[in-house]
Amino acid sequence: MTHEEVQSLLDAYLDDELDLGTGRAVEAHLRDCQQCAAWLAERRSVLGQVRAAALRYPVPAELSARLSAQLGTARRRQALHAPWFGAMAAGLITAIGGFLLGHSWPRPPDFRAELLSASVRAVLSAHPVDVLSSDHHTVKPWLSSQLPFSPPVPELSEQGDALLGARVDYLGSIRVAALVYQHGHHLINVYVWPLSATSMDARLDTQADGYHLMTAQAGTFNAVMVSDLSAEELAAFRERWRANAAALASDSAAARGQ
Amino acid sequence: MPVGDGARARRFEAVAMPHLAAAYNLARWMCRNEADAADVVQEAVMRALQYFDSYHGGDARAWLLQIVRNSANTWMVRNRPAGQVPLDGSELDAAALSEDPMSTLAAQAEGESLRRAIAQLPLEQREVLILREFEDLSYRQIADIIGSPIGTVMSRLSRARDQLAAIVRGGQRASS
């Protein structure tokens with residue numbers, strides 16, 4: 001590699017953007033070329049000063065407040081915008097909307113929206129799990145100590161799904177176990193609770209904003225999986241999880257039978 | 001059956017709003033003016049909410065920054081025809097100076113000369129520099145955001161850094 005070629009690559013080298021082979025070639029040149037080494041040192045120092053100078057502009061409080069207000073409005077407006085309202089005049093929406101919202105028809109609780117936002121929050125938060133362990137012998141007792149039930153905790157690391165840990169979440173007033181798995185770069189939240197606590201339509205698979213939600217039953221438990229995996233990958237995960245959870249359930253039934 | 005739209009807006013807040021600081025900082029550096037930047041961010045956030053269905057997981061910050069970047073460009077074309085982009089003077093503002101009481105005047109002065117130098121870079125270099133130095137985005141992510149090849153990102157970034165290096169070198173000569 002010529003001196004000029006290396007020169008044109010030094011910024012990318014600094015940013016760790018070169019492939020391994022090219023990076024090694026640049027390093028070999030840097031060992032011999034004082035000019036390039038000095039240039040790189042100066043570059044590092046300048047960029048260090050840029051970072052140290054705290055040149056970020058903070059968000060004006062007025063803008064944050066304006067956005068919160070607008071998003072709050074958007075939320076309320078969207079909640080009213082059921083499709084059959086679309087054609088109605090705005091005044092009518094307000095009048096009828098208030099009336100309809102005051103009435104609720106009996107139907108099984110639909111936790112999907114809640115589960116999706118709980119999952120998004122968990123993925124975004126720095127601590128998606130309360131108990132950090134890849135060992136189900138650690139995770140399961142912890143969950144049992146936190147919950148009135150003892151959920152199955154399948155260990156699927158041999159199949160490419162690493163158990164990261166678990167936390168306890170709320171669905172409405174029900175406490176549920178949330179198992180967190182990692183598949184590739186994606187997190188999968190698996191919510192588990194007993195069938196007896198509340199029933200849930202088993203075919204509520206849905207998706208929104210890049211997240212897929214899939215339901216399953218394992219023994220006497222409901223399970224809902226939420227992830228930004230593709231639908232096919234999440235469905236495959238569901239099969240692995242369900243098969244393993246069913247095996248765990250029959251093991252524990254056999255253990256009780258002895 | 002899709003989940004409720006109210007939940008959609010809540011999810012949008014959970015996904016996008018943690019990146020408001022990055023969004024505003026990019027807009028502020030692109031517009032070089034606080035009032036313009038606030039308008040741009042507001043417009044971008046509303047646009048992002050509208051197009052939230054096009055967000056398929058992935059890096060939410062890069063997704064939002066792309067919308068902010070496009071909004072800033074559209075906004076400037078519409079409201080600030082070429083040559084009329086005003087520096088709002090807060091490049092020199094006391095308010096824009098570091099609030100750390102421990103930082104020395106010299107360091108502040110150096111920070112300010114860097115701030116001015118970045119503000120005076122051509123827009124196409126400035127946006128790449130902000131995305132790289134302040135947001136630590138990869139060349140690939142920056143290329144996606146500005147809709148240009150990676151080679152363009154590299155050359156713009158290098159030219160922007162050359163300018164800053166020249167400023168720092170000049171400052172050192174002046175103070176020695």
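Order of the sequence lines sets the chain letters (A, B, ...), proteins ahead of strands, with each chain counted from 1.
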So for Ala27(B), is it side chain, backbone, both, or neither that comes closer than 4.5 Å to the heavy atoms of chain A? neither
Side chain Gln182(A), main chain Gly184(A), donor-acceptor under 3.5 Å: yes
Would the distance check show the side chain of Asn25(B) and the main-chain N or O of Ala21(B) forming a donor-acceptor pair, the cut-off being under 3.5 Å? no
Asp162(B) bridged to Arg43(A) by N-O distance under 4.0 Å: yes
Measuring heavy-atom distances to chain B, does Leu14(A) have an atom under 4.5 Å in its side chain, in its backbone, in both, or in neither? side chain
Interchain contact, Leu47(A) with chain B, by part (heavy-atom threshold 4.5 Å): side chain
Gap between atom CD1 of Ile146(B) and atom OG1 of Thr152(B) - 0.5 Å precision: 6.5 Å
Check whether any side-chain heavy atom of Val192(A) lies under 4.5 Å from a side-chain heavy atom of Trp241(A), and answer yes or no. yes
Mind checking whether Leu234(A) and Arg238(A) have side chains closer than 4.5 Å, heavy atoms only? no
Taking the inter-plane angle between the rings of Phe52(B) and Trp63(B) on a 0 to 90° scale, is it parallel (under 30°), tilted (30 to 60°) or perpendicular (over 60°)? tilted
Determine, stepwise, if the pair Leu123(B) / Met76(B) fulfils side chain to side chain contact (heavy atoms under 4.5 Å, CB included). CA-CA 11 Å; Leu123(B) 177 60; Met76(B) 283 189 285; 3.7 Å; yes
Show your working on side chain to side chain contact (heavy atoms under 4.5 Å, CB included) between Arg116(B) and Ile167(B) and close with a plain yes or no. CA-CA 10 Å; Arg116(B) 270 197 302 279; Ile167(B) 295 291; over 6 Å; no
Is the closest side-chain donor-acceptor distance between [X] and [Y] under 3.5 Å?
X: Tyr181(A); Y: Arg240(A); value: no
X: Asn73(B); Y: Arg78(B); value: no
X: Gln141(B); Y: Asp59(B); value: yes
X: Glu42(A); Y: Ser45(A); value: no

Sequence neighbours excluded, the answer for salt bridge (Lys or Arg N to Asp or Glu O under 4.0 Å) partners of Glu232(A) is none
Asp16(A), Asp15(A), Leu67(A): which one forms the most heavy-atom pairs within less than 4.5 Å of chain B? Asp15(A)
Looking only at non-hydrogen atoms, find the nearest pair between His186(A) and Asp228(A) and report the distance. ND1-OD1, 2.9 Å
Which residues in residues 3-13 of chain A have any heavy atom closer than 4.5 Å to a heavy atom of chain B? Ser8(A), Leu9(A), Asp11(A), Ala12(A)
How would you list, in number order, the residues of residues 22-29 of chain A that have a heavy atom less than 4.5 Å from chain B? none
Toward chain A: residues of residues 124-140 of chain B with heavy atoms under 4.5 Å: Arg132(B), Glu133(B), Phe134(B), Glu135(B), Asp136(B), Ser138(B), Tyr139(B)
Choice from Leu20(B), Leu157(B), Val41(B) maximising heavy atom contacts with chain A below 4.5 Å: Leu20(B)
